[in-house]
Amino acid sequence: MRLQGKRALITGGSSGLGNAMVRRFVAEGATVIIADIDDTGGHALAAELGQQASFVHLDVAQEAEWQRALGNAASIDVLINNAGITTYGSIEDVTLEQFRHELDIDVIGVFLGCKYAVANMKAHGRGGSIINMSSLAGLRANGSLAAYNAAKAAVTLLTKSVAMHCATSGYDIRCNSIHPGVIHTPILDKVLAQVPNPDEVYAGWVGTHPIGRIGKPEEIAAMAVYLASDEAGFTTGAEFKVDGGSSI
């Protein structure tokens, strides 16, 4: 029960990494607000988990929805900015519309989440932990991920800026980023659906991990538990790679 008594809001919480984190946080004693645009999946997960979970509709790119979600919430101790998309394509292939959509979800959404979480945590005077989901693509370039590289690199440095501001302002609010390798989630299946040779792409991803496989959502959830817990009280502005050795 490492998160006993903590209240967390997890974006993109109805599926994939978000779903795994919601389940693990509830198991560790937290009360969780599942935030997503998937009303059906979010309500179903909240109903399954019982009194420790609730659902709120949240389009992370819309400021008014963040104001409603965190303005109506009691104090939160943890925010996980997990909602995101992956656009596959080189600088020659990605359209301006696709690039802007990627930034709206993966950068603007994280910016708004950090902004309103800091305000919420300050107002209630309890401090807290903000966890931003970046990626190895936020640290290392891939010629076929122009939009995603740009978005996740922005998340990486935004995290450090938030961490520095909160630390030097004496807010007791920590902000860290998690950088997964390739994890098997529904978003991975959507990426594979965009390419003409999905089996080859999948095998290539496996080959980039010295551990010999791609990751599981539960392995990312375990890192999130640590960063949300009081055990990580001296940890802020850091990059946590959970990547099967890809960055070695």
I'd like to check H165 versus Y171 (side-chain heavy atoms, cut-off strictly below 4.5 Å). Are they in contact? yes
Heavy-atom count check: over 12 atoms from other residues, nucleotides or ligands less than 6.0 Å from K160 NZ? yes
Step by step, would you call D77 with R126 a side chain to side chain contact (heavy atoms under 4.5 Å, CB included)? CA-CA 7 Å; D77 304 287; R126 294 174 53 177; 2.9 Å; yes
Linking I/L/V/M/F/W/Y whenever their side-chain heavy atoms sit closer than 4.5 Å, directly or via other members, would V155 and I108 fall into one cluster? yes
Decide yes or no on side-chain hydrogen bond (donor to acceptor under 3.5 Å, both in side chains) for Q67 and Y116, but give the supporting numbers first. CA-CA 7 Å; Q67 291 170 326; Y116 286 100; 3.1 Å; yes
K152 side chain near L145 side chain, heavy-atom distance below 4.5 Å: no
Search all heavy atoms of R7 against all heavy atoms of S75 and return the closest pair with its distance. CD-O, 3.0 Å
Please find the pair of heavy atoms, one from G13 and one from V22, that lie closest to each other, and give the distance. O-CG2, 3.7 Å
Minimal heavy-atom distance between P217 and G16, with the atoms involved, is CB-O, 4.3 Å
Heavy-atom closest pair (I130 atom, A117 atom, distance to 0.1 Å) is CD1-CB, 4.0 Å
Of all heavy-atom pairs linking L9 and A35, the shortest is CD2-CB, 3.8 Å
Atom pair CD1 (I173) and OG1 (T236), whose distance is rounded to the nearest 0.5 Å: 9.5 Å
Side chains of I37 and H57: does their closest heavy-atom pair fall under 4.5 Å? yes
Test item: M21 and I131 side chains (from C-beta on) under 4.5 Å apart, heavy atoms: no
Between S246 and R140, is any pair of side-chain heavy atoms under 4.5 Å apart? yes
So do the side chains of L45 and F55 get within less than 4.5 Å of each other, counting heavy atoms only? no
Please check: side-chain N/O of N82 versus main-chain N/O of G12, any donor-acceptor pairing under 3.5 Å? yes
With heavy-atom distances below 4.5 Å as the criterion, would you say the side chains of N142 and N149 are in contact? yes
In short, G29 meets Q52 closest at the heavy-atom pair C-NE2, 3.7 Å
Consider only side-chain N and O atoms of S177 and T156, and report whether a donor and an acceptor are under 3.5 Å apart. no
Enter the distance from D104:CG to F111:CZ here, rounded to the nearest 0.5 Å. 12.5 Å
Please check if F25 and M121 belong to a single hydrophobic cluster, counting links between Ile, Leu, Val, Met, Phe, Trp and Tyr side chain heavy atoms closer than 4.5 Å. no
Examine L112 and V107 and state if one hydrophobic cluster contains both, with Ile, Leu, Val, Met, Phe, Trp and Tyr joined whenever side-chain heavy atoms are less than 4.5 Å apart. no
Nearest 0.5 Å, what's the OG-CG distance between S129 and L227? 6.0 Å
Kindly determine whether N132 and C175 satisfy side chain to side chain contact (heavy atoms under 4.5 Å, CB included), including the steps that lead there. CA-CA 7 Å; N132 294 330; C175 188; 3.6 Å; yes
Looking at CH2 of W66 and CG of N120, how far apart are the two atoms once the value is rounded to the nearest 0.5 Å? 10.5 Å
When rounded to the nearest 0.5 angstrom, what is the spacing between CG in L17 and NE2 in H184? 11.5 Å
Check this for me: R100, atom CZ, are more than 12 non-hydrogen atoms of other residues, nucleotides or ligands nearer than 6.0 Å? no
Are any of the side-chain heavy atoms of P198 and V201 separated by less than 4.5 Å? no
Polar contact flag, side-chain donor to acceptor under 3.5 angstrom, T87-E102: yes
Before you tell me yes or no, could you show the steps for L192 and W205 under side chain to side chain contact (heavy atoms under 4.5 Å, CB included), namely the whole-Å CA-CA distance, both residues' side-chain angles and the distance that decides it to 0.1 Å? CA-CA 11 Å; L192 291 173; W205 283 337; 3.5 Å; yes
Spacing of CD1 belonging to I33 relative to CD1 belonging to I10, to within rounding of 0.5 Å: 10.0 Å
Verify the cluster assignment for I76 and V110: are they in a single hydrophobic cluster under the rule of side-chain heavy atoms below 4.5 Å apart? yes
